[in-house]
Trainee: 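Below you will find the structure I want to go over with you.
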Number of protein chains: 2
Amino acid sequence: METQRKTRIQMENEERILDAALEVFSAHGFRGATIDQIADHAGMSKPNLLYYFRRKQDMYEALIARLLDTWLEPLKELDAVGDPLPELQCYIRRKLEMARDFPRESRLFANEILQGAPRIKRLLESELKPLVDEKAEVLAGWMKDGKINTVDPRHLIFSIWSTTQHYADFDVQVQVILGPDLGAEGRFEDAARYLDKLFLDGLKP
Amino acid sequence: METQRKTRIQMENEERILDAALEVFSAHGFRGATIDQIADHAGMSKPNLLYYFRRKQDMYEALIARLLDTWLEPLKELDAVGDPLPELQCYIRRKLEMARDFPRESRLFANEILQGAPRIKRLLESELKPLVDEKAEVLAGWMKDGKINTVDPRHLIFSIWSTTQHYADFDVQVQVILGPDLGAEGRFEDAARYLDKLFLDGLKP
DNA sequence: CGAATTCTTGACTGTTTGATAAAACTCTAA
DNA sequence: TTAGAGTTTTATCAAACAGTCAAGAATTCG
């Protein structure tokens, strides 16, 4: 069976479609998104879109597969041989940068998990779980060596994910509360400064 | 115009419907939920359900209105005259308890905010914003008095919301990573212990 | 009781939506 | 240049969906 080569038009259109799909899926979730909306965003007719992805679910799965690696990359780079505290600070900042630079991706995952991850639960078990297990060991090692405060490493990871992704997933709420005066960039800097303090020193005076 | 009194059957059925609606809306979001699903969960026919709530959106709005107060109550109780650190610890624990005891409510809000809060943005501005402004002042006062570490009070509130609600909203992911051995109760205790440490001392050894 | 009111249901309507078929058009490589 | 592969469109379908209607069943209350 020969590997199918993709034409120029195929590559261009699949790209356009996946970008449009990300836009729509991340804003409305899988069931809330319609093929018509995605086709509109991609600037093509619905049957034409369905020529490239025969079913709605195919687009969704293609998106997820393409994004998961990017999404897990910062955690993968958490390095056992690095200096623990700076290493963690760097991880937190990178996650925060991703929330700023890829909010659609963040919301896509959030939507999926929120609704019970029916389409990617298996992927979480095969990709996410082992990675977290591995990095939890790294963190546990640092704790044993007295390099960082001793806490449950998995819950530590949860708190990094939740605090950073909050700025992408709950952006509307964040904007309502912080007001629009401060731009997105200003909000980002404030958040980075705050999280740095929180994770280093906590709230004790 | 006389105030309409509600019959026994009306009260019972509206209750049943709103509970079913919470179940379905929180699992699928507004657009993903169907009236048929809600009617099934409530154990009644669709036309019967629509006799009580004429449109899908009416159920949703009734739910939101009913839940918002409950949801904001812990923050309302944050007391300026109390002892700062214990007061915050108490708030964190109460939010975590709500994530454990009312995960559907948490997911309902999460779904709504995630999708841009089209239906409750006004409510956030009129109810949530002033409350947060007020409590941010309280926190700022504590910081000025040197009772707690000086950080951005609004971002502090964000981090409490995100870390606690994470356990309700991303429950599937949490379960995949922590494994099912540990029950929900055990997970809760671990989370409470971790968050206590994080917010008090941070990660510095 | 019995009549007024409230509640419930089956059948139905118009619309949206995911998906298909086939014809028409465009591109590419020999 | 032209045959064939690849692409786009028009027309269409069946299922899912929000919401309606009128008639029948149950409940309430004088």
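Both backbone and side-chain heavy atoms feed into the values below; hydrogens, waters and symmetry mates do not. In what follows, every chain begins at residue 1, and chains take the letters A, B, ... in the order their sequences are listed.
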Trainee: Tell me: CD of Glu12(B) to C1' of dT6(C), nearest whole Å?
Mentor: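 Computing the Glu12(B):CD to dT6(C):C1' distance gives 14 Å.
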Trainee: Take atom CG of Leu49(B) and atom P of dG10(C), then tell me their distance rounded to the nearest Å.
Mentor: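 So the CG-P distance, Leu49(B) to dG10(C), works out to 15 Å.
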Trainee: For dT8(D), does either OP1 or OP2 sit under 4.0 Å from a side-chain N or O belonging to Ser45(A)?
Mentor: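 No, Ser45(A) has no side-chain N/O under 4.0 Å of OP1/OP2 on dT8(D).
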Trainee: Side-chain N or O of Tyr52(A) versus OP1/OP2 of dT8(D): is the shortest distance under 4.0 Å?
Mentor: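 Yes, such a contact exists.
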Trainee: Going by side-chain hydrogen bond (donor to acceptor under 3.5 Å, both in side chains), name the residues that satisfy it together with Thr164(A), two or more places apart in sequence or in a different chain.
Mentor: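 Checked Thr164(A) against side-chain hydrogen bond (donor to acceptor under 3.5 Å, both in side chains); zero matches.
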Trainee: Under a 3.5 Å distance rule, please check whether Glu14(A) uses its side chain to pair with a backbone N or O of Tyr52(A) as donor and acceptor.
Mentor: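 Such a contact is absent between Glu14(A) side chain and Tyr52(A) backbone.
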Trainee: When you check every protein heavy atom under 4.0 Å of nucleotides 17-23 of chain C, what one-letter string (B, S, -) results, 5' to 3'?
Mentor: SBBB---
Trainee: Report the residues that fulfil ring-ring contact (aromatic ring centres under 6.0 Å, His included) with Phe30(A), sequence neighbours left out, ordered by chain and then residue number.
Mentor: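 Here the qualifying residues are Phe25(A), Tyr60(A).
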Trainee: Can you tell me how the ring of Phe158(B) sits relative to the ring of Trp161(B), calling it parallel under 30°, perpendicular over 60° and tilted otherwise?
Mentor: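 If you compare the ring of Phe158(B) with that of Trp161(B), the planes turn out tilted.
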Trainee: Is it true that a side-chain atom of Lys95(A) and a backbone atom of Ile160(A) form a donor plus acceptor pair closer than 3.5 Å?
Mentor: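 Side chain of Lys95(A) to backbone of Ile160(A): no pair is present.
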Trainee: Can you tell me if the side-chain N/O atoms of Thr7(B) get under 4.0 Å from OP1 or OP2 in dT6(C)?
Mentor: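 Result: no.
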Trainee: I'd like to know if Asp152(B) and Lys197(A) make a salt bridge, using a cut-off of under 4.0 Å between side-chain N and carboxylate O.
Mentor: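 So Asp152(B) does not pair with Lys197(A) through a salt bridge.
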Trainee: Output the rounded distance in Å from NE2 (His28(A)) to P (dT16(C)).
Mentor: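 Rounding to the nearest Å, NE2 of His28(A) and P of dT16(C) are 16 Å apart.
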Trainee: Using only side-chain N and O atoms of Asn48(A), determine if any of them is under 4.0 Å from OP1 or OP2 of dT7(D).
Mentor: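 Asn48(A) to dT7(D) OP1/OP2: no side-chain N or O under 4.0 Å.
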Trainee: Could you list the residues that satisfy side-chain hydrogen bond (donor to acceptor under 3.5 Å, both in side chains) with Trp71(B), not counting sequence neighbours?
Mentor: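 Counting only residues at least two positions away or on another chain, Trp71(B) forms no side-chain hydrogen bond (donor to acceptor under 3.5 Å, both in side chains).
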Trainee: Should the heavy atoms of other residues, nucleotides or ligands under 6.0 Å from CZ of Arg119(A) be counted, would the total exceed 12?
Mentor: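 Buried by this count: over 12 neighbours within 6.0 Å.
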Trainee: Generate the contact string for nucleotides 25-30 of chain C. Rules: B means base contact, S means sugar-phosphate contact only, - means no protein heavy atom under 4.0 Å.
Mentor: ---S--
Trainee: Is the distance from OP1 or OP2 of dT6(C) to the nearest side-chain N or O of Gln10(B) less than 4.0 Å?
Mentor: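 Checking dT6(C) against Gln10(B), no side-chain N or O comes under 4.0 Å of OP1 or OP2.
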Trainee: List the residues meeting side-chain hydrogen bond (donor to acceptor under 3.5 Å, both in side chains) with Arg55(B), not counting sequence neighbours, and say none if there are none.
Mentor: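 Partners of Arg55(B) under the side-chain hydrogen bond (donor to acceptor under 3.5 Å, both in side chains) test: Asp58(B).
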Trainee: Within the pair Asn13(A) and dG6(D), is there a side-chain N or O less than 4.0 Å away from OP1 or OP2?
Mentor: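 It does not, given that no N or O in the side chain of Asn13(A) lies less than 4.0 Å from OP1 or OP2 of dG6(D).
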Trainee: Is there a side-chain contact between Tyr51(A) and the phosphate of dT7(D), meaning an N or O under 4.0 Å from OP1 or OP2?
Mentor: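 So the side chain of Tyr51(A) is within the cut-off, an N or O lying under 4.0 Å from OP1 or OP2 of dT7(D).
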